[in-house]
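Residue numbers begin at 1 in each chain, while the letters A, B, ... track the order of the sequences.
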Amino acid sequence: MNNERYNAREAEPRWQKIWDERGIFATRNDDPRPKYYVLEMFPYPSGKLHVGHVRNYAMGDVVARARRAMGYAVLHPMGWDAFGMPAENAAMERKVHPRGWTYDNIATMRQQLKLMGLSLDWSREIATCDPDYYQHQQRMFLDFLKAGLVERKQSKVNWDPVDHTVLANEQVIEGRGWRSGALVEQRELTQWFFKITAFAQDLLDSIDTLDRWPDKVRVMQRNWIGRSEGLLLRFMLDAKTTPNGESELDVFTTRPDTLFGASFVGISPDHPLATALAAKNPALADFIVQCKRQGTAQELIETAEKLGFDTGIRAAHPLDPTWMLPVYVANFILMDYGTGAIFGCPAHDQRDLDFVRKYGLPVTPVVCPEGQDPKTFVIGDTAYDGDGRLINSRFLDGMTVDEAKGEVTRRLESASQGNRPVAQRQVNFRLRDWGISRQRYWGCPIPIIYCADCGVVPVPVADLPVRLPEDVSFDKPGNPLDRHPTWKHVACPQCGKAARRETDTMDTFVDSSWYFARFTDPWIKTAPTDRTAVDHWLPVDQYIGGVEHAVLHLLYSRFFTRAMQATGHVGLKEPFAGLFTQGMVVHETYRKPDGVYVEPFEVRLENAGDTRRALLASTGEAIEIGPIEKMSKSKRNTVGLDEIAGTAGADAARWFMLSDSPPERDVIWTEDGMQGASRFVQRLWRLTGEMAEMAAKAPDRRPETFGAPATAVRKAAHAALAHVTEDIERLRFNRCVAHIYELANALGAAIGDIVSPAAITPDLAWAMREAANILVVLFHPMMPHLAEECWAALGHQSLVALAPWPTLEPDLLIESTITLPVQVNGKKRADVTVARDAAKGDIEAAVLALEAVAKALEGKTPKKVIIVPQRIVNVVV
RNA sequence: GCCCCUGUGGCGGAAUUGGUAGACGCGCCUGACUCAAAAUCAGGUGGUGGUAACAUCGUGCUGGUUCGAGUCCGGCCAGGGGCACCA
């Protein structure tokens, strides 16, 4: 009997040490068993772990431990996404070096992860800030460059004025920098880009193959890539009106059907034609300057008024050369989508309508909604973008929108002007190339040298890595690499003359775009990956992380894997076969009457009847319980790992984080929930202790027959086994938890039914031993330390971490008689117990003989009796 | 504005994918043990009526399909998320 309370604080480190010493979670690449790669998104070493990390890693660990038991060679590694801004901010604020700050944090967090008892292969640990890692990234940058997947170009970029760096589109959330929260400005800079658009169509198409990804993420990626099909059409310009005799203008449209509703042609202020004309027209130059000034902050763009400038240029309508349209420069036209030029159809596009109302251009409706009289159909303040029939459109009149699109496309494709078709079908993507240049120190240096004679020169592979200099200062804003006295001054690798290093570093999302591949062989020095290892382990079978990376990390990694495939570093294009996005851990907020937030561990909660109240633990002062929110430093509602591992223990915390809420949803951290988990830890300890006592009396040989009590115990154990196995495979951890509770309840009841020691027959003792073993193996993925302790108490010499998953006896789940609910007219009136394989006629007879059924029938004769085998009986009157 | 998701007891949530709504946990109530508390154990816990057996209503609202709807379809309402001058 386990008389002592289970002491997690003593037991947990003891088992961690044993696992560690025996190296049981280190995975060999030549393991012949089927592979299974489980990965949780690796953490940024920000300082300390909190319960949100516990949830994330506990889920991955359940999968890893269960798959290991099921006979897979499991790869479950851990590393550090170690480059990034916070290290530099710490350097500025605390006068520490980013490297020291980062590695100190890694040491702390590694220690904390070990406290959680995760079954990780620490021999494969990597940190992205280690030159042993980033040199390979530089190597791949050079390979991608050679393959045409990297490009240096001038473009408009998002500039974060607080972090003093450029941000990718994916890193701008509602017009603000994703880290700093500062309003992002537009700047024209020369930058390095990864050509993610080269794979736009494939990235989109392959989403259909990611059948183990959440729909939500797939939808978000589809929207982000944003494919639209349309027509590229050529407008002929009146050369007399253009600055340098230009005679054509290309326009992209998805609505060629509305071409007869055109009332102007619009070009972006950044369009080459606008630039050319501005050189000769000071008023237009002023207007363009005005557009750019007004357009610096994203937030302003969204509320900005539509403004335009009539260039005096005239364009011929593609379907009627005699119809001349005015060409405006308009502030709402984006240069980097389509061609930077549009035709404006105000009746059916709200932006165009707002624009023409201001400049007095005509509004001609050309699509009339079904059922509306074309004579009375007028456009007011709202453009009509729905379906309908064409009007005011000459040969298109009467067609549907789709027919008209087809007709216009056909005509213009076959019409030629100067030996080229007037129009061609085109696909455009919203997705833009990934700008990776960052004007920061703590990142992977871009291995490029600029030479006055040779131009842009890649660093030779033999010279890699390009290491970050150690002696840098953070006393001024801006890039420390750029103002370093010597680092950037190098000899040109080609001509030997004085040249200059690229001082930008790579976006930290590059670092995390391939780490999962590096884990497959982190020891190889000569290449980013060992092809045998990487092709063996990839794809990741189960990837787990936050949904906030749906269009960031998860899209970049898909691109990067394609680029690695194109340059021979991996043999596949989709890195993550299964993806699971877990919810956040949220917590109540607490504030003193003066509005100051109070941390959870300073608060004492009291339940009185249905009401709860919070008191300051130290003084008893009443505290207001605020809304439940995402854990954040500003709301002071975070719960750290140290607070819980040191008291209730890691197992209880893991158990609580996996219980109640479905894993994809947010979970609320509560003291009560944590206590409930702790109680269950003790209950399992007592229960297995009692069962161990009985198990000691069990015969070695399996009994020939089992009595009713033993059979009940065995049925409960095997039912739980079946459920937990399925629920782990489907990542429904909350249901695993419920089924383990059910088994514990059933076993507790079975023990309670034993009236005297004499009732413990050999077959019952044997069943108890079997059930106890099943119970411990079933909960060990969630509470591994407690499981080892119980496993030892059951007399095992080996570790439960190495125990095989129990074998299910399906016969135990099949009952010989079943109880079916009986409905009359769809309302439940009785139960009927019949043989499992009873004939329908027999069931019907049994049902109609029931007193409750007769009563409900009120003497009427049933019209029909519906019998769903093994399910239900419904008598219809 | 467009796209997507969610809505079930006091709370977190189950419901074999169209078949007994409320598994399991938390909280609460009653009892046992205790000088007392903690811990533990036993019982109860959707609403209404009834001592009870039982009856009746009940899955955001509303209509429909069906022998049967939390689950499917139509229309609303509420909450959350994503995208947003993308032509």
Please classify the nucleic acid contact of [X] as base, sugar-phosphate, or nothing, using heavy-atom distances under 4.0 Å.
{"X": "A:Ile333", "answer": "base"}
{"X": "A:Glu742", "answer": "sugar-phosphate"}
{"X": "A:Asp215", "answer": "nothing"}

Would you tell me whether [X] and [Y] have side-chain atoms, one donor and one acceptor, within less than 3.5 Å of each other?
{"X": "A:Asn637", "Y": "A:Thr589", "value": "no"}
{"X": "A:Arg234", "Y": "A:Gln424", "value": "no"}
{"X": "A:Tyr337", "Y": "A:Ser228", "value": "yes"}

Length of the [atom1]-[atom2] vector between [X] and [N], whole Å:
{"X": "A:Leu658", "N": "B:rG25", "atom1": "CG", "atom2": "C1'", "answer": "14 Å"}
{"X": "A:Arg222", "N": "B:rA84", "atom1": "CZ", "atom2": "P", "answer": "18 Å"}
{"X": "A:His587", "N": "B:rC11", "atom1": "NE2", "atom2": "P", "answer": "19 Å"}
{"X": "A:Arg430", "N": "B:rC3", "atom1": "CZ", "atom2": "P", "answer": "16 Å"}
{"X": "A:Met220", "N": "B:rC3", "atom1": "CE", "atom2": "P", "answer": "17 Å"}
{"X": "A:Lys216", "N": "B:rG80", "atom1": "NZ", "atom2": "P", "answer": "14 Å"}
{"X": "A:His348", "N": "B:rC2", "atom1": "NE2", "atom2": "C1'", "answer": "19 Å"}

Measure from the side chain of [X], starting at C-beta and using heavy atoms only, and say which of [options] lies closest.
{"X": "A:Val868", "options": "B:rG19, B:rU40, B:rG25", "answer": "B:rG19"}
{"X": "A:Arg679", "options": "B:rC67, B:rG27, B:rG19", "answer": "B:rG27"}
{"X": "A:Lys864", "options": "B:rU17, B:rG82, B:rC67", "answer": "B:rC67"}
{"X": "A:Arg732", "options": "B:rG12, B:rU17, B:rG19", "answer": "B:rU17"}

**Asked** If every non-hydrogen atom of A:Ala315 is compared with every non-hydrogen atom of A:Val265, which pair is closest and at what distance?
**Response** CB-CG2, 4.2 Å
**Prompt:** Where each pair must be Watson-Crick or G-U wobble with both distances under 3.5 Å, what dot-bracket representation of RNA chain B is obtained, with crossing pairs in [ ] and other-strand partners as |?
**Reply:** (((((((..(((......[....)))((((((.......))))))((((....))))..(((((..]....))))))))))))....
**Item:** A:Arg218 (side chain) donor-acceptor with A:Ile207 (main chain) under 3.5 angstrom
**Value:** yes
**Message:** Main chain of A:Tyr384, side chain of A:His348: is a donor-acceptor contact present, judged purely on distance under 3.5 Å?
**Reply:**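 Yes; at least one donor-acceptor contact below 3.5 Å.
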**Message:** Parallel, tilted or perpendicular: which one describes the rings of A:Tyr359 and A:Phe355, with boundaries at 30° and 60°?
**Reply:** tilted
**Request:** Name the orientation class of the two ring planes belonging to A:Phe733 and A:Phe580 (parallel below 30°, tilted from 30 to 60°, perpendicular beyond 60°).
**Result:**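 The arrangement is perpendicular - the two ring planes meet at more than 60°.
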Respond yes when some side-chain nitrogen or oxygen of [X] is under 4.0 Å from OP1 or OP2 of [N], and no when none is.
{"X": "A:Asn745", "N": "B:rG25", "value": "yes"}
{"X": "A:Arg665", "N": "B:rG80", "value": "no"}
{"X": "A:Arg686", "N": "B:rA39", "value": "no"}

**Separation of the C1' atoms in B:rG12 and B:rU16, to the nearest angstrom** = 22 Å
**Request:** For the pair A:Arg665 and A:Asp660, find out whether any cationic side-chain nitrogen is under 4.0 Å from an anionic carboxylate oxygen.
**Result:**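 Answer for the salt bridge query: no.
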**Request:** Using a 4.5 Å cut-off on heavy atoms from C-beta on, say whether the side chain of A:Val865 contacts that of A:Ile867.
**Result:**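 A:Ile867 reaches A:Val865 side chain to side chain.
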For the base of [N], is there a side-chain donor-acceptor partner from [X] under 3.5 Å away?
{"X": "A:Arg871", "N": "B:rU16", "result": "yes"}
{"X": "A:Lys863", "N": "B:rC67", "result": "no"}
{"X": "A:Asn874", "N": "B:rC67", "result": "yes"}

**Close residues, residues 337-346 of chain A, relative to RNA chain B [heavy-atom separation under 4.0 Å]** = A:Tyr337, A:Ile342
Quick one: which protein N/O atoms are closer than 3.5 Å to N/O atoms of nucleotides 52-56 of chain B? Pair and distance per line, please.
| unit_1 | atom_1 | unit_2 | atom_2 | d |
| --- | --- | --- | --- | --- |
| B:rU56 | OP2 | A:Arg829 | NH1 | 3.4 |

